[in-house]
Amino acid sequence: MHQGMNRFLSRALALLVAVIAISTGVVSARPGLLAGPATESVPIITSLGAGASHTCMVRDAAVWCTGDNTFGQLGTGDYERTYAFAQTKVSNATSVSAGGNTSCAVLTDTSVTCWGALPAAANSPLPTPVPLTGVASVSVGTQHVCALMLNGNVWCWGNNGSGRLGNGNKISSATPVQVGISSVVSLSAGAVHTCATKTNKTVLCWGSNGYYRLGRLSPLSQTRPRLVPKVRAVSVSVGSGFTCIVNTSKRAMCWGRNNYGQQGVKPGKSRLAPRTMSLREVVSVSAGEEFVCASTSVPETWCWGRARYGQLANASNISRYTPQRIIAGPEVGQVLSVETGLSHACATTMTQGAMWCWGYGVAGQLGDSSRSNRTSGTAVWPNGVRYKAIGSDTAATLVLAGDISCNATRKATYGVGPLGSQCGEATTAAQISAIAPHAVMALGDLQYEAASYSDLLTHYDPTWGLFKSITYPVRGNHEYITPGANGYIQYFGNMSASYWTTNAAGWRIIGVDSWCVGVVTDGCSATSHQTRWLTEQLALAKSENKCSMVLMHHPPFSSGLYPVSSAKPLWDASVNGGADVMFTAHDHHYERFEPLGVDGIPSATGTALFISGLGGAQTYPLLTPAPGSAFRFNDEHGVVKLDLTPTTYTWSFVSASTNTILDTGTATCSPAS
């Protein structure tokens, strides 16, 4: 490693030009970059499944799940709960379904695999094959599963209380039993009953008839499919105590329990006679435990029924029997197909690769990195994505800093300027303009205090936001003061993933979430999904003969007040995976370390560590130098300028007041090592 000090004459004119650019909104970015970063290959979500407290999706043929994992229903091979979607062990799926604490997927070879609370069998966190082939789709109920075959037949397995398997008895079965029905085109399994529609548009149901959920007057359970009189339908969906269809006139109709208005009439007693909803051109319905959502051909999505946890996404907890239109945020666009769980729902959107989720979220089933209920819905973007490459294959210039923008209270208290005691985001933004990098790596805590969407627009956007089109951000702890980092997600949209990768000048750059989806004890362990993903990405970089850089907000070691031990597993994975360098922030100072081992002691085979926390927020004091600390500074704000080639990186820490380089050097990396 070569290093040294390189002081030079202040570039006053350049800084003046940069300040003028900031004040006028003119940004000096490199040619061809104003279109901005984006996902290199947008993930395609083709199927959704929602259970009691978890949600699954098929994304580019792989199944991803989030939420409660007590029974292994996430399919990740363990029982660790997640608050953001994590990849399962299934990578060749065409569709997924979830119900209760069970998940099942139809694979590309038309077979079925299930995981979680396997009906009438032992729990499994790993996908377990079901002895069926030629499957078109599956529907997972609370304690049973039914499969619609390509030939129109139906097979069911699991708990057979009330005869919900439809094979003429009430004997539970861990293996599929054939239902006496054919020519089926739509199938739905619920808590204690099952319904199907046939090619001739008839509707048949079986199982418990409590609340008239089978559409029959007799209170007796039915162990075989029975015709629902006076209705014709193209599809069916069953809730806990009721049933809904899309009839042949493209209208939604429901019957059964109506305690929260789920039939589209004032809440009251259960109803035998089907109720036709006012919505027209309905293409699908999805029934939760006590609410219903319907999508129309417009396209629009509407929900009605119970709203205690925000199931209607209308910013209210008051039940409504009249349909409430679901309006998603502008960052994801119109809601399309929707899947309801027990008390939550998720939908695909017009923006490819994005989701909109709402309702009960305490177990993480909304996948938005929070434990919050969402009465108005929230955008969910996929993690583990690859962003578009930076610069060229042989050269790239980056700017890196975190802990950036002050809110109005801080500005009024500390003033504005380049000194460490002031709010300095405007001066560091001017530095960025003068440097004109290919990309800005914003290292978390981008807006104080809570990174709300309104504060980001008011304070961050006029300064660092001028470089939004070239910004690759990572999340810090202040992002999560707004539950689920929702303001950050609204602001950055498709660039708001919790963890991601990109390429620059032959390097693999990996951004991770060291606040671990909002709760510091979740997601940072050595066996967590994110840590394992990081290990895989470093191994992939090595196999592709690339040097590697890891970005995260929290430093594992620091000479300041705030080294963060909970981020240590991510550091360990970085060192053990051969990462060449890591950039962090969080402690409000600049610091460069010699390469360190997992124990934080200098090591020739370790990973170099930088702390770049002088993006604009007030500085923190420096304490006794930590082992391996080679340079420290906290007098004023500044950014790191990083120049990359396929085998080197050259850093320069640039002062905000004089635009002078205070620390610089070049290090080499060996991609094949």
Side-chain angles (χ1 to χ4, degrees), residues 45 48-57 64-71 73-74 76 80-86 98-101 103 116 260 286 288-291 293 301 303 305-319 324 326-329 331-332 335 338-349 354-383 450-453 475 479-490 496-498 513 515-523 529:
I45 301 171
L48 298 175
S53 298
H54 75 292
T55 307
C56 295
M57 65 175 171
W64 294 63
C65 297
T66 184
D68 184 39
N69 201 22
T70 304
F71 301 89
Q73 59 263 50
L74 301 188
T76 52
E80 182 177 350
R81 176 180 295 188
T82 70
Y83 298 91
F85 283 93
N101 299 308
S103 308
Y260 290 101
S286 182
E289 182 186 33
E290 293 166 322
F291 74 109
C293 295
T301 295
C303 298
R306 194 179 190 189
R308 178 179 178 182
Y309 306 108
Q311 295 99 304
L312 307 187
N314 63 349
S316 170
N317 298 106
I318 300 173
S319 300
Q324 308 292 298
I326 306 300
I327 300 177
E331 68 271 28
V332 298
V335 164
V338 61
E339 183 70 21
T340 57
L342 192 69
S343 299
H344 74 287
C346 285
T348 58
T349 70
M355 297 170 62
W356 189 256
C357 297
W358 62 93
Y360 194 64
V362 172
Q365 57 265 58
L366 302 185
D368 69 332
S369 302
S370 80
R371 294 178 173 179
S372 302
N373 298 337
R374 297 294 191 184
T375 61
S376 298
T378 184
V380 179
W381 294 90
N383 297 323
S452 68
Y453 183 54
R475 303 183 186 189
E479 276 70 36
Y480 284 108
I481 295 177
T482 298
N486 195 243
Y488 173 94
I489 290 169
Q490 280 186 273
S496 66
S498 178
D513 188 344
W515 191 237
C516 305
V517 295
V519 183
V520 83
T521 56
D522 293 317
H529 307 298

- request: Using only heavy-atom distances, determine whether the side chains of His344 and Thr55 contain a donor-acceptor pair under 3.5 Å.
  value: yes
field: By side chain to side chain donor-acceptor pair (under 3.5 Å) - contacts of Ser452 (at least two apart)
entry: Ser454
Ring pair (Phe, Tyr, Trp, His ring centres under 6.0 Å) against Tyr309, all qualifying residues, sequence neighbours excluded: Tyr360
query: Going from SG on Cys346 to CE on Met355, what distance comes out if it is rounded to the nearest 0.5 angstrom?
result: 4.0 Å
field: Closest approach of Ile45 to Met57 (non-hydrogen atoms, all atoms of both residues)
entry: CD1-SD, 3.8 Å
task: Applying ring pair (Phe, Tyr, Trp, His ring centres under 6.0 Å), name anything that partners Tyr488, two or more places apart in sequence or on another chain.
output: Phe492
query: Have Ser498 and Asn383 got a donor and an acceptor in their side chains that come within less than 3.5 Å?
result: no
query: Say you draw a straight line from CG of Leu366 to OG of Ser53; how long is it, rounded to the nearest 0.5 Å?
result: 10.5 Å
- prompt: If you take all heavy atoms of Asn101 and Ala52, which pair is closest and at what distance?
  reply: OD1-CB, 4.3 Å
- prompt: Excluding sequence neighbours, so at least two apart, what forms side-chain contact (heavy atoms from CB on, under 4.5 Å) with Ala450?
  reply: Ile481, Thr482
- request: Could you list the residues that satisfy side-chain contact (heavy atoms from CB on, under 4.5 Å) with Thr349, not counting sequence neighbours?
  value: Val332, Thr351, Ala354, Trp356
- prompt: Can any side-chain N or O of Asp368 pair as donor or acceptor with the backbone N or O of Val380 at less than 3.5 Å?
  reply: no
- prompt: Looking at Tyr83 and Ser370, what are the two nearest heavy atoms and their distance?
  reply: CD2-O, 3.4 Å
- line: For Ser376 and Ala315, the nearest pair of non-hydrogen atoms, with its separation, is OG-CB, 3.3 Å
query: Distance from Leu74 atom CG to Cys56 atom SG, nearest 0.5 Å?
result: 6.5 Å
- line: Rounded to the nearest 0.5 angstrom, the CD1-CZ distance for Ile318 and Arg308 is 14.0 Å
message: Under the rule for side chain to side chain donor-acceptor pair (under 3.5 Å), what residues qualify as partners of Thr348, not counting sequence neighbours?
response: Ser337
- request: Take Ile489 and Arg475 through the side chain to side chain contact (heavy atoms under 4.5 Å, CB included) test and state the conclusion after the steps.
  value: CA-CA 10 Å; Ile489 290 169; Arg475 303 183 186 189; 3.8 Å; yes
query: Any donor-acceptor pair under 3.5 Å linking the side chain of Arg371 with the backbone of Pro483?
result: no
- request: Measure the spacing between CG of Asn314 and OG1 of Thr375 and express it to the nearest 0.5 Å.
  value: 8.0 Å
- line: When every non-hydrogen atom of Ala50 is compared with those of Glu339, the smallest separation belongs to N-CG, 3.6 Å
- line: Interatomic distance, OG1@Thr301 vs CD1@Ile326, rounded to 0.5 Å, equals 7.0 Å
Sequence-distant partners of Ser343, side chain to side chain donor-acceptor pair (under 3.5 Å), two or more places apart: none
statement: Residue set satisfying side chain to side chain donor-acceptor pair (under 3.5 Å) with Asp68, at least two apart, ordered chain then number -> Thr70, Gln73, Arg81
statement: Sequence neighbours excluded, the answer for side-chain contact (heavy atoms from CB on, under 4.5 Å) partners of Tyr260 is Gln262, Glu290, Arg306, Ser319
- line: Residues passing the side-chain contact (heavy atoms from CB on, under 4.5 Å) test with Ala347, sequence neighbours excluded, are Val335, Val338, Trp358
Trace of the side chain to side chain contact (heavy atoms under 4.5 Å, CB included) decision for Tyr480 with Ser369: CA-CA 9 Å; Tyr480 284 108; Ser369 302; 3.8 Å; yes
- prompt: What pair of heavy atoms forms the shortest contact from Ser496 to Trp381, and how long is it?
  reply: OG-CD1, 3.4 Å
field: Flag for Thr66-His54: side-chain donor and acceptor within less than 3.5 Å
entry: no
